[in-house]
Peer 1: 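The structure follows.
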Amino acid sequence: MQVRFYHRDEVDAMNVMEGAILPLLAVTGGWPFVLTCGVAVLAGDILRRNNTVKCVFNVSQWLLASSLASLVLHALPVSLSPSPAAAGALVLTVLVMSAVNITALTGALALAAGTRSASKGPAVMGHVVGIAASLTLGVCLTAAYRWTPWSLSIGFLLILAMHFTGRSYAAVRADRVRLEGLQRATHALAASLEPMDAIPVFLAEARIGFEVRDVQLVLFGERGTTVHTCSAPRDGEEAAAYSVVLAPHVLAEALADTLYEPAHLSVAGDSSAIAHELAAIGHQRAIAAPLRSGGDTMGMLLLLDHVGMEGFEAGELPIAAALSRELVGFLQRVELLQAVDDERRKLADILESTSDGILTIAADGTITSWNAGLAAATGYTAEEMVGTRHFGLLRPRDSASRDVLIEHWVDQINSASGLPLELQVVSSAGQTVWLSCSYSRIPAGEDRDDVLVVVARNITQARELERLKDDFVAVVSHELRTPLVPIKGWAQTLLNRGDRLSDDQRRTAVQSILAQAQKLESLVLNILEASRIEAGRADGDGIADVGAIVLRIVEDSLASRPDRVVRLRPPAVPCSVRGSSVWVERAVSNLLANAIKYSPDDEPVDVAISISGEDVLVSVTDRGPGIAEDAQERIFERFERLEETRKQTGTGLGLYITRRLARAMGGDVSVSSVPGAGSTFVMRVPLAPVTSGTGSASGSEMPEQRSKLRPVNVVNLR
Ligand code: ADP
């Protein structure tokens with residue numbers, strides 16, 4: 001029978017056995033008393049299934065206490081007849097027994113606890129209360145026995161009643177502690193969706209609630225078995241230890257196949273494989289609760305080795321079952337959240353990595369999302385735009401240049417004209433960007449209004465190309481017709497009154513027809529070459545003699561433009577390149593035609609061929625208007641024509657083709673120019689490896705031979 005002393009959260013239990021056995025001491029004393037005490041304590045320990053060490057300790061402690069008490073009582077020279085001296089003697093013996101018991105108990109506890117310092121306050125108070133209760137009980141029982149012996153039975157009935165009341169109270173208290181702990185455990189699962197936060201708290205609370213030494217949560221997953229363990233605080237530690245490992249768990253895996261409801265496991269008296277595995281992990285008793293979901297076992301909750309003094313019998317399996325259901329619910333919530341999170345991340349990745357611009361606008365015009373594609377197209381970042389109604393910053397207009405108020409999409413989406421499919425906006429750098437847009441409206445949900453999703457593709461380049469192509473078609477049709485007018489005119493004149501014309505007039509007529517025919521030919525060849533290049537059908541096999549080709553081009557140009565001066569500096573040695581003669585001819589023709597076309601008639605054009613390292617360089621220099629630096633790369637693009645030279649006819653294909661051909665031969669074309677002073681275009685093509693007969697491959701004379709025909713390097717047919 002115990003006296004419990006509560007102080008705040010701590011409780012100390014004192015039994016009043018010293019008082020209960022006092023009548024026996026008073027009556028018998030000596031060895032019968034000592035023996036009775038020893039046998040009674042041993043019987044009690046066996047009934048309570050205490051372990052051997054504890055039994056030996058308890059029996060020894062009581063043998064010592066009862067022997068000393070017996071010695072003290074018999075050493076005192078007082079009779080036990082009712083008298084103050086007798087009462088004093090009884091009090092002294094109770095105190096002796098209590099002192100022995102308290103010393104033995106606190107000494108054993110101090111040894112077991114090592115450095116752990118228990119709070120002294122409640123312990124001392126508990127001892128005082130315990131001793132007082134023992135004294136009162138002992139003196140009263142002895143007095144009652146002296147007064148009339150049979151009244152002792154009433155006293156013992158009282159003790160029994162108190163014992164059972166105490167047991168019931170202890171059981172109720174244990175249940176309450178357990179339920180509170182379990183409530184906290186379930187709360188831990190409800191309060192968090194992060195397993196690494198919730199599971200340690202859950203296990204710690206379950207351990208306290210079930211008053212067990214260890215709790216293990218074993219989860220079977222695709223990547224293996226995860227074991228979360230919460231163990232009782234070790235020596236010198238305040239808090240329970242938590243650990244998680246990815247490792248097989250033989251006991252839990254064996255139980256998973258056979259156990260569908262929570263069950264008690266015990267090593268004692270069980271020779272099954274399960275009991276063997278329980279012993280193998282160092283435990284004697286356990287409650288195993290499977291985590292079942294849809295006919296599958298997803299894990300196991302193991303409550304290992306009960307350490308409480310009482311309770312923990314009735315109702316523990318249903319509570320373990322409830323806890324395992326909570327765990328299953330928690331794990332399913334976590335899994336669901338993870339799936340939602342994965343899905344959300346996947347969508348966010350798609351949204352961010354797509355090159356198309358995607359934005360969403362709420363019904364009130366607030367921009368709610370703005371992806372990286374849109375940031376790249378417009379130069380405005382998501383941080384600048386999301387949460388604002390600043391779409392107007394982009395000055396959106398439709399293809400007829402009318403302002404568009406996307407923020408008011410709710411009114412416009414159902415109007416006759418709807419929202420424009422092509423939007424022109426102004427980027428943060430001030431450039432016009434064309435967007436091809438598609439719109440979809442997401443109807444209002446429970447917690448939000450309608451949302452407009454706009455998918456916008458940057459079509460600026462495509463639109464620009466389209467515009468250039470339109471220009472090109474207009475220019476080409478004009479260019480093809482223009483030379484035909486003088487050709488037809490001159491041919492008509494020669495036919496009708498050729499015999500009446502002077503020699504000079506006829507020469508002028510034929511030269512004009514030739515010049516226009518060359519222009520036409522060049523135009524047609526450029527268009528054909530451009531389409532061959534675009535179709536990837538250009539064929540550059542062979543060896544081209546650059547000196548001979550350039551000389552022929554210069555001569556042909558001068559034949560049609562005898563009014564111009566073209567100065568040619570041929571190479572010092574024959575130079576050939578690997579590639580088609582037609583390519584070299586086309587490329588150089590284009591450069592020379594431009595130089596003649598864009599420079600004043602009275603300015604000469606210089607053409608020079610030289611060797612630099614492993615390359616042949618053909619440079620064409622004019623004294624024309626020159627090309628601004630920022631346009632020097634642009635002019636090599638398809639259909640690109642500069643505004644300042646628009647009065648000259650052209651298609652914008654010549655330089656594009658020239659560069660493509662030069663690159664196809666392993667070289668390139670570049671320009672250096674001083675606006676107002678003229679330009680120099682240089683084509684660089686690697687030399688062909690020297691082989692016998694290379695120099696006359698084209699069958700034409702060497703440039704030197706030609707230049708011998710004309711003693712200076714100036715070809716002037718004026
Ligand atoms: P096209 O001459 O038919 O217009 P090109 O591709 O040969 O086409 O030239 C592209 C543009 O580059 C020309 O329209 C002109 O504006 C500029 N350009 C080319 N050569 C010269 C030059 N020698 N001097 C000044 N501008 C030039």
Side-chain angles (χ1 to χ4, degrees), residues 464-465 467-483 515-516 518-534 538 550 553-554 557 560-561 564-568 583-608 617-664 668-683:
E464 186 58 13
L465 200 62
R467 186 186 63 76
L468 290 170
K469 266 186 184 160
D470 289 349
D471 283 2
F472 170 74
V473 171
V475 165
V476 164
S477 40
H478 176 256
E479 292 286 296
L480 285 174
R481 261 183 282 122
T482 313
Q516 297 302 334
Q518 274 176 354
K519 233 187 196 174
L520 212 54
E521 185 194 24
S522 172
L523 184 64
V524 170
L525 287 176
N526 270 347
I527 294 169
L528 286 178
E529 206 56 51
S531 68
R532 280 159 64 98
I533 289 173
E534 286 310 308
V550 173
I553 293 168
V554 170
S557 301
S560 58
R561 290 297 304 269
R564 297 300 301 258
V565 175
V566 178
R567 298 183 298 207
L568 172 67
W583 287 8
V584 176
E585 190 177 329
R586 208 70 317 277
V588 178
S589 298
N590 285 335
L591 296 180
L592 186 58
N594 280 351
I596 293 174
K597 184 163 67 171
Y598 295 116
S599 64
D601 287 351
D602 54 356
E603 292 288 355
V605 171
D606 287 310
V607 180
L617 304 183
V618 180
S619 68
V620 180
T621 305
D622 64 56
R623 284 151 193 84
I627 299 153
E629 199 170 337
D630 62 346
Q632 287 180 7
E633 264 308 296
R634 195 151 39 89
I635 54 174
F636 290 98
E637 281 167 22
R638 246 186 326 169
F639 313 130
E640 195 63 49
R641 307 195 65 221
L642 301 182
E643 211 46 56
E644 43 277 32
T645 56
R646 286 243 166 186
K647 59 180 181 297
Q648 301 290 343
T649 56
T651 56
L653 277 177
L655 289 180
Y656 163 74
I657 288 167
T658 303
R659 175 168 270 182
R660 291 292 297 257
L661 293 176
R663 286 187 176 170
D668 206 346
V669 181
S670 60
V671 63
S672 58
S673 174
V674 178
S679 320
T680 297
F681 284 84
V682 178
M683 178 172 84

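One-based numbering, in listed order, for ligands and for the atoms of each. This chain uses plain numbering: 1 for the first residue, then up along the sequence.
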Peer 1: Which of the atoms of ligand 1 are close to L653, meaning less than 4.0 Å from one of its heavy atoms?
Peer 2: 6 (O), 8 (O)
Peer 1: Using distance alone, decide if ligand 1 has a nitrogen or oxygen within less than 3.5 Å of any nitrogen or oxygen in G654.
Peer 2: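 By distance alone, the answer is yes.
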Peer 1: Using a strict 4.0 Å cut-off to heavy atoms of L642, name the atoms of ligand 1 that fall inside it.
Peer 2: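 Result: 14 (O), 16 (O).
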Peer 1: Report yes or no: does a heavy atom of F681 sit under 4.0 Å from some atom of ligand 1?
Peer 2: yes
Peer 1: Quick check: closest heavy atoms across F636 and L655, and the distance to 0.1 Å?
Peer 2: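 What the structure gives for the nearest pair is CD2-O, 3.8 Å.
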Peer 1: When you measure from atom 23 (N) of ligand 1 to every protein heavy atom, which one gives the shortest distance, and what is it?
Peer 2: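 Ranked first by proximity to atom 23 (N) of ligand 1 is D622 OD2, 2.8 Å.
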Peer 1: Tell me whether E640 has any N or O atom under 3.5 angstrom from an N or O of ligand 1.
Peer 2: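 For ligand 1, there is no N or O atom that lies under 3.5 Å from one belonging to E640.
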Peer 1: Nearest protein heavy-atom contact for atom 6 (O) of ligand 1: which residue, which atom, what distance?
Peer 2: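 Minimum-distance protein heavy atom for atom 6 (O) of ligand 1 reads L655 N, 2.8 Å.
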Peer 1: Does R659 use its side chain to pair, donor to acceptor, with the backbone of A587 at less than 3.5 Å?
Peer 2: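 No, the answer is negative, given that no donor and acceptor are paired below the 3.5 Å cut-off.
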Peer 1: Considering only the protein, which heavy-atom contact is closest to atom 17 (C) of ligand 1, and what is its distance?
Peer 2: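 For this ligand atom, the closest protein heavy atom is I635 CG2, 4.1 Å.
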Peer 1: Of all the non-hydrogen atoms in the protein, which one sits nearest to atom 2 (O) of ligand 1, and at what distance?
Peer 2: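 The protein heavy atom lying closest is Y598 OH, 2.7 Å.
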Peer 1: Can you check whether G678's main-chain N or O pairs, donor with acceptor, with S673's side chain at less than 3.5 Å?
Peer 2: yes
Peer 1: With nothing but distance in play, are any N or O atoms of I627 less than 3.5 Å from an N or O of ligand 1?
Peer 2: no
Peer 1: Among all protein heavy atoms, pick the one closest to atom 4 (O) of ligand 1 and tell me residue, atom and distance.
Peer 2: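 That would be R641 NE, 2.7 Å.
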Peer 1: With heavy atoms of K597 as the reference, note each atom of ligand 1 found under 4.0 Å away.
Peer 2: 1 (P), 2 (O), 3 (O)
Peer 1: Dump the intermediate steps for salt bridge (Lys or Arg N to Asp or Glu O under 4.0 Å) on R623 and D606, then the final yes or no.
Peer 2: CA-CA 9 Å; R623 284 151 193 84; D606 287 310; 2.8 Å; yes
Peer 1: Identify the protein heavy atom lying closest to atom 3 (O) of ligand 1, giving its residue, its atom name and the separation to 0.1 Å.
Peer 2: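 Nearest protein contact, heavy atoms only, for atom 3 (O) of ligand 1 is T651 N, 2.7 Å.
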Peer 1: Check for a donor-acceptor pair, side chain of D622 on one end and backbone N or O of V605 on the other, with a separation under 3.5 Å.
Peer 2: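 Side chain of D622 to backbone of V605: no pair is present.
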Peer 1: Ignoring hydrogens, what is the shortest heavy-atom contact between I627 and P675? Give both atom names and the distance.
Peer 2: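 Result for this residue pair: O-CG, 3.8 Å.
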Peer 1: Between S522 and Q518 (side chain of the first, backbone of the second, donor and acceptor by atom type, cut-off under 3.5 Å), is there such a pair?
Peer 2: no
Peer 1: Just jot down the ligand 1 atoms closer than 4.0 angstrom to any heavy atom of G650, in number order.
Peer 2: 1 (P), 3 (O), 4 (O)
Peer 1: Answer yes or no: does atom CD of E637 have more than 12 heavy-atom neighbours from other residues, nucleotides or ligands under 6.0 Å?
Peer 2: yes
Peer 1: Could you establish whether Q648 and ligand 1 come within less than 4.0 Å of each other, counting only heavy atoms on the residue side?
Peer 2: no
Peer 1: Using a 3.5 Å distance criterion without hydrogens, assess whether the side chain of R586 forms a donor-acceptor pair with backbone atoms of I657.
Peer 2: no
Peer 1: To the nearest 0.5 Å, tell me how far T621 OG1 sits from F681 CZ.
Peer 2: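 So the gap between those two atoms works out to 10.0 Å.
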Peer 1: Can you name the nearest heavy-atom pair linking T649 to R641, along with the distance?
Peer 2: C-NH2, 3.4 Å
Peer 1: Check this for me - ligand 1, Y656, N or O atoms closer than 3.5 angstrom, yes or no?
Peer 2: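 No.
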Peer 1: Check whether any N or O atom of P625, backbone or side chain, sits under 3.5 Å from an N or O atom of ligand 1, and answer yes or no.
Peer 2: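 No; the residue has no nitrogen or oxygen that sits under 3.5 Å from a nitrogen or oxygen of the ligand.
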Peer 1: For atom 16 (O) of ligand 1, find the nearest protein heavy atom and state the residue, atom name and distance (0.1 Å precision).
Peer 2: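 The answer is T645 OG1, 2.5 Å.
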Peer 1: So, for L480 and P483, which heavy atoms are closest and what is the spacing to 0.1 Å?
Peer 2: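 For L480 versus P483, the nearest heavy atoms are O-CD, 3.6 Å.
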Peer 1: Just to check, does G652 reach to within less than 4.0 Å of ligand 1 when the distance is taken from its heavy atoms?
Peer 2: yes
Peer 1: Side chain of R638, backbone of G652: donor and acceptor closer than 3.5 Å?
Peer 2: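 The answer is no, because no donor-acceptor pair under 3.5 Å joins these two groups.
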Peer 1: Going by heavy-atom distance to atom 20 (N) of ligand 1, choose the closest among L592, N590, N594.
Peer 2: N594
Peer 1: Report yes if some N/O of T649 lies less than 3.5 Å from some N/O of ligand 1; otherwise report no.
Peer 2: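 Among all N and O atoms of T649, none is under 3.5 Å from an N or O of ligand 1.
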